[in-house]
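Before any comments, here is the structure.
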Amino acid sequence: MRRILPVLIALATLSWPGIAPAQEPLVIPAPRIGGNPSDDAAIWHVYGLIPGDVLNIRSGAGPAFRVIGALQEGQPVRNMGCRERDGGFWCRISTYDRPSISGWVNGRYITDEWVPPAGALPEDDEDRVIPGTAYHATGTIRCQRLGDTHIAPCAFGIVRNGPFAEIDLTFADGYTRALTYRAGRFSAKDGAEVRSHKQGGVAVVTVNGEEKFHIPDDVVMGW
């Protein structure tokens with residue numbers, strides 16, 4: 001009986017539901033993020049903020065998510081992938097600071113390209129400011145208004161700052177539109193809705209569904 005009792009106790013312990021052997025935790029792989037993630041070794045930087053402003057880091061891809069941190073102009077980050085969401089462009093980043101923060105930021109304000117010092121102008125003779133103007137280049141591009149069946153020329157003036165640009169566009173009737181180009185994306189200075197797609201070496205930019213501009217890459221980048 002003394003030999004049987006320990007065996008019975010052991011069997012009861014194994015069969016008792018509250019004392020089941022521990023199992024390894026289930027590991028769920030992280031979901032893939034839309035867009036093309038950058039090379040881990042690549043350093044991106046915050047660029048284009050209003051002086052004194054910060055770039056909020058949010059817990060999700062969109063302005064409705066809570067703020068979990070903030071980035072300063074010029075601060076380095078690692079880009080882990082970007083996606084379109086609710087008409088915006090959001091990128092998941094992690095900081096190089098310790099402790100590191102990982103979250104989502106407005107993709108308009110990070111770049112992996114060279115960023116010139118504030119106020120610096122390109123030294124290339126082909127990209128100097130045109131005398132008597134504030135522009136690095138002027139000319140005409142193709143444009144169109146809602147209801148107009150033909151494409152007409154619009155005058156443009158552009159100020160370039162490395163991989164970024166400010167573009168003033170004027171229709172034949174004098175109506176003007178100011179666009180900003182940052183990190184491969186166009187936006188309107190007045191907050192109007194902007195959509196764009198590429199046709200070869202030309203960006204077709206539509207503003208509020210009412211204005212359409214055909215902007216060649218060499219106009220923006222000064223090639």
Side-chain angles (χ1 to χ4, degrees), residues 27-124 126-129 136 158-167 178-189 191 194-196 198 203 205 215 217-223:
V27 177
I28 302 174
R32 291 181 59 83
I33 302 172
N36 297 318
S38 63
D39 186 336
D40 273 349
I43 298 177
W44 290 55
H45 289 85
V46 177
Y47 184 83
L49 298 178
I50 297 173
D53 203 356
V54 296
L55 178 60
N56 287 328
I57 305 174
R58 297 184 179 274
S59 60
F65 290 89
R66 65 187 179 89
V67 175
I68 59 175
L71 299 169
Q72 303 290 332
E73 178 81 3
Q75 188 169 342
V77 296
R78 175 176 284 119
N79 185 355
M80 301 167 67
C82 300
R83 64 168 56 159
E84 297 272 358
R85 175 136 187 186
D86 298 331
F89 184 66
W90 293 84
C91 296
R92 186 177 180 181
I93 60 92
S94 64
T95 64
Y96 284 91
D97 298 335
R98 292 290 182 268
S100 176
I101 298 176
S102 179
W104 293 83
V105 299
N106 188 329
R108 288 176 51 197
Y109 298 105
I110 61 172
T111 178
D112 64 343
E113 300 184 54
W114 174 77
V115 177
L121 292 175
E123 297 180 357
D124 192 329
E126 296 181 357
D127 213 20
R128 292 185 184 279
V129 172
H136 293 118
I158 185 167
V159 177
R160 303 187 185 101
N161 188 8
F164 309 97
E166 308 288 336
I167 311 169
L179 298 177
T180 297
Y181 176 86
R182 286 190 176 93
R185 297 180 63 81
F186 291 90
S187 60
K189 287 188 176 181
V194 176
R195 296 184 179 275
S196 65
K198 294 297 289 292
V205 182
I215 306 177
D217 292 343
D218 55 359
V219 166
V220 176
M221 304 307 296
W223 295 334

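Treat the numbers as computed from the prediction; the structure is a model and nothing was measured.
Remark: S187 engages R108 in a side-chain hydrogen bond (donor to acceptor under 3.5 Å, both in side chains) (not counting sequence neighbours). The side chain to side chain contact (heavy atoms under 4.5 Å, CB included) check on P63 picks up W90, with sequence neighbours excluded.
Contact record, V194 with F186: CG1-O, 3.6 Å, taken as the closest heavy-atom pair. Here the closest heavy-atom approach between residue S102 and residue I68 is recorded as O-CD1, 3.4 Å. Closest non-hydrogen pair, G74 versus H45, comes out as O-CD2, 3.2 Å. The two residues T180 and K189 make their nearest non-hydrogen contact at OG1-CG, 3.6 Å. Across all non-hydrogen atoms, the minimal contact from V54 to Q72 is CG1-NE2, 3.5 Å. Heavy atoms only, all atoms of each residue included: F89 and E84 are closest at CD1-OE2, 4.1 Å.
Residues S100 and R78 form no side-chain contact, since every pair of their non-hydrogen atoms from C-beta on lies 4.5 Å or further apart. Under the 4.5 Å side-chain criterion, counting only non-hydrogen atoms from C-beta, Y181 is not in contact with I158. With a 4.5 Å cut-off on side-chain heavy atoms, L55 and I110 count as touching.
Remark: R83 CZ to C91 SG distance equals 10.5 Å, nearest 0.5 Å. Rounded to the nearest 0.5 angstrom, R58 CZ and R66 CZ are separated by 11.0 Å. Atoms CD and OH, from Q75 and Y96 in turn, are 11.5 Å apart once rounded to the nearest 0.5 Å.
Of the options I93, T111, L71, V105, a side chain to side chain contact (heavy atoms under 4.5 Å, CB included) to V46 is made by L71 and by none of the others.
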